[in-house]
J.: 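Shown below is the structure under consideration.
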Amino acid sequence: MSAVSELVALRPPRRGLPRSDRAVLRGFSRAELRAWVGTALGAPAFRGDQLFEWLHGQRASSADAMTNLSRADREALARLADFERLSVELCATAADGTRKLRLRGALGAVFESVLIPNPGRGYTQCISSMVGCSLTCRFCATATLGFERNLATWEIVDQVYQAQDLLQREAEATGAKWPARITNLVFMGMGEPLHNYGQVKRAIELLSDPKGAGIAKRRITVSSSGLVPAIERFGREGLAEDIGLAISLNATTDATRDEIMPINTRWNIATLLDAIRELPPSRRRRVTFEYVLLADVNDTDDDATRLVALVSEFDCHVNAIPFNPHPGTPLRRPSPERIGRFVARCRAGGLSVHIRTPRGDDIGAACGQLALEAKT
Ligand code: SAH
């Protein structure tokens with residue numbers, strides 16, 4: 001037997017397409033699934049709806065589980081489709097109950113997602129849209145990683161499904177009747193969601209479907225550093241109607257914002273506020289301005305006065321986020337007195353301000369700390 005035929009003989013029997021050619025169905029919209037079952041399986045469109053429930057409601061990881069499909073359809077699915085899930089590399093729980101999930105996606109990409117207990121019940125999940133980040137904000141740990149790549153739709157939605165699996169296992173372990181629910185989603189993890197607009201939009205459609213995770217659109221917020229063309233698109237395509245928009249303003253003068261958020265040199269504060277002014281009025285959602293408080297950088301009385309002048313025309317809410325330190329940064333969190341004084345001045349000027357207390361900072365899960373310690 002020649003060496004070549006020996007190699008051929010040793011190769012395992014081929015079961016369907018190579019992985020890279022299979023359809024990654026967890027990233028398909030409902031309409032695309034309905035069409036795909038027609039062309040790939042010769043099945044009626046309602047099979048696509050059944051598949052949707054398996055993928056997004058049951059979070060199935062193989063065709064074998066899909067018992068309401070015929071054996072032939074399941075075999076065809078196993079050959080043609082990819083049901084890959086993320087793998088959980090680490091799950092850390094903070095003293096305040098916040099959990100950080102470190103997840104591995106396609107091609108070894110590692111990124112993080114955070115589950116934050118709500119004051120009432122259920123959880124808010126903070127999800128990532130990129131591996132690393134395309135921006136270079138000075139105060140953010142993720143920026144130190146650089147940009148690796150955008151997450152695919154399936155990798156965005158599976159962050160939620162992994163968290164649901166975790167809560168399900170916990171309910172089983174404690175004998176609770178129902179698992180705790182994820183009620184709110186915020187795109188405030190790693191990455192700039194509006195730089196990955198298409199996949200984020202698809203993921204929102206999937207996650208808000210009542211047959212999937214069923215998270216109401218009005219409980220989903222996208223946070224952006226201020227990508228003006230994408231904000232305009234967000235308004236034009238109707239997302240602003242239901243989805244919350246949070247803008248990381250973080251400074252009150254262009255000089256300071258240029259320094260700490262270099263994206264400001266492309267779209268400055270006036271241009272950014274113009275884009276927000278032009279959004280179609282939403283009946284449900286107010287815009288949120290995030291403001292990371294950095295000692296001696298953007299926390300003066302004058303900053304508070306300017307912040308009031310800049311945003312009070314909007315039906316808005318200000319989220320003041322005391323800076324969360326991370327290794328290697330020279331930036332500091334202002335003293336509690338300074339933070340109190342800044343916020344009091346904003347409130348006296350008529351703004352609605354909430355101080356976001358750091359959650360999960362003991363496990364590196366607070367705002368701006370997601371950076372995979374292994375690499376830092
Ligand atoms: N790229 C998006 C979303 C990710 S950052 C954006 O810029 O909005 C989510 C929020 O965390 C932003 O408001 C950002 O300003 C804030 N943030 C980043 N690093 C931080 C840090 N070290 N401490 C406190 N907040 C931080």
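Starting from 1, each residue takes its place in the sequence as its number. Order of appearance sets the numbers: ligands from 1, and atoms from 1 within every ligand.
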J.: Does a side-chain N-to-carboxylate-O contact under 4.0 Å join Asp64 and Arg74?
T.: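 The answer is no: the pair does not qualify as a salt bridge.
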
J.: Can you list everything that forms a side chain to side chain contact (heavy atoms under 4.5 Å, CB included) with Ser70? Sequence neighbours excluded, please.
T.: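 Ala72, Asp73.
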
J.: What part of Glu290 sits under 4.0 Å from ligand 1 if we count only heavy atoms: the side chain, the backbone, both or neither?
T.: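 For Glu290, only side-chain atoms sit under 4.0 Å from ligand 1.
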
J.: I need the contact type for Ser224 against ligand 1. Using non-hydrogen atoms and a strict under-4.0 Å cut-off, is it side chain, backbone, both or neither?
T.: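 Looking at Ser224 and ligand 1, just backbone atoms fall under 4.0 Å.
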
J.: Carefully, step by step, assess Phe187 and Ile204 under the rule side chain to side chain contact (heavy atoms under 4.5 Å, CB included).
T.: CA-CA 10 Å; Phe187 281 86; Ile204 289 172; 3.8 Å; yes

J.: Under a 4.0 Å threshold between the charged nitrogen and the carboxylate oxygen, would Asp49 count as salt-bridged to Lys211?
T.: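 No, Lys211 and Asp49 are not salt-bridged.
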
J.: Can we say Glu75 and Arg71 salt-bridge, meaning some charged N sits less than 4.0 Å from an Asp/Glu carboxylate O?
T.: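 Judged by the 4.0 Å cut-off on N to carboxylate O distance, Glu75 and Arg71 do form a salt bridge.
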
J.: Which residue holds the protein heavy atom closest to atom 15 (O) of ligand 1, what is that atom called, and what is the gap in Å?
T.: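 Checking every protein heavy atom, the shortest distance to atom 15 (O) of ligand 1 gives Asn250 ND2, 3.0 Å.
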
J.: Does this structure show an ion pair linking Arg356 with Glu290, if we count only N-O contacts that are shorter than 4.0 Å?
T.: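 Judged by the 4.0 Å cut-off on N to carboxylate O distance, Arg356 and Glu290 do form a salt bridge.
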
J.: Run the contact test for Gly191 against ligand 1 with a 4.0 Å cut-off on heavy atoms, strictly below, and give the result.
T.: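 It does, in that a heavy atom of Gly191 comes within the 4.0 Å cut-off of ligand 1.
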
J.: Applying a strict 4.0 Å limit to heavy atoms, is Pro358 in contact with ligand 1?
T.: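 No, Pro358 has no heavy atom closer than 4.0 Å to ligand 1.
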
J.: Salt-bridge test for Arg277 and Asp274: reply yes if a basic N is under 4.0 Å from a carboxylate O, no otherwise.
T.: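 Yes.
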
J.: Please list the nearest protein heavy atom to atom 6 (C) of ligand 1 with its residue and the distance rounded to 0.1 Å.
T.: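 Going by distance alone, atom 6 (C) of ligand 1 is nearest to Ser248 OG, 3.3 Å.
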
J.: How close does the nearest protein non-hydrogen atom get to atom 9 (C) of ligand 1, and which residue and atom is it?
T.: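 Ranked first by proximity to atom 9 (C) of ligand 1 is Met188 O, 3.7 Å.
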
J.: Could you say whether the N/O atoms of Cys367 and ligand 1 ever approach to under 3.5 Å?
T.: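 Yes; the residue has a nitrogen or oxygen that sits under 3.5 Å from a nitrogen or oxygen of the ligand.
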
J.: How close does the nearest protein non-hydrogen atom get to atom 23 (N) of ligand 1, and which residue and atom is it?
T.: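 Its nearest protein heavy-atom neighbour is Asn324 N, 2.9 Å.
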
J.: Parallel, tilted or perpendicular: which one describes the rings of His56 and Phe52, with boundaries at 30° and 60°?
T.: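 Ring orientation, 0 to 90° scale: tilted.
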
J.: Are Arg30 and Glu53 within salt-bridge range, i.e. N to O under 4.0 Å?
T.: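 Between Glu53 and Arg30 there is no salt bridge, as every charged N stays at least 4.0 Å from the carboxylate O atoms.
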
J.: Decide whether an N or O pair under 3.5 Å exists between His326 and ligand 1.
T.: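 No; every N/O pair is 3.5 Å or more apart.
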
J.: Looking only at protein heavy atoms, which one is nearest to atom 20 (C) of ligand 1, and what is the separation?
T.: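 Of the protein heavy atoms, Gly368 CA, 3.3 Å lies nearest.
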
J.: Kindly confirm or rule out an N or O of Phe139 lying under 3.5 angstrom from an N or O of ligand 1.
T.: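 Min N/O separation from ligand 1 is below 3.5 Å for Phe139.
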
J.: For Arg338, is there an ion pair with Asp301 - N to carboxylate O distance below 4.0 angstrom?
T.: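 Salt bridge: yes.
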
J.: Provide the number and element of each atom of ligand 1 under 4.0 Å from a heavy atom of Ser225.
T.: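 Contacts of ligand 1 toward Ser225, numbered from 1: 6 (C), 7 (O), 8 (O).
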
J.: If you have a sec, work out which protein heavy atom is nearest atom 2 (C) of ligand 1 and how many Å separate them, to one decimal?
T.: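 Minimum-distance protein heavy atom for atom 2 (C) of ligand 1 reads Ser223 O, 3.3 Å.
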
J.: Could you find the nearest protein heavy atom to atom 17 (N) of ligand 1 and give me its residue, atom name and distance?
T.: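 Scanning the protein heavy atoms, the shortest distance from atom 17 (N) of ligand 1 goes to Val292 CG2, 3.8 Å.
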
J.: Please state which protein non-hydrogen atom is closest to atom 4 (C) of ligand 1 and give its distance, to 0.1 Å?
T.: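 In this structure, atom 4 (C) of ligand 1 has Gly189 O, 3.4 Å as its nearest protein heavy atom.
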
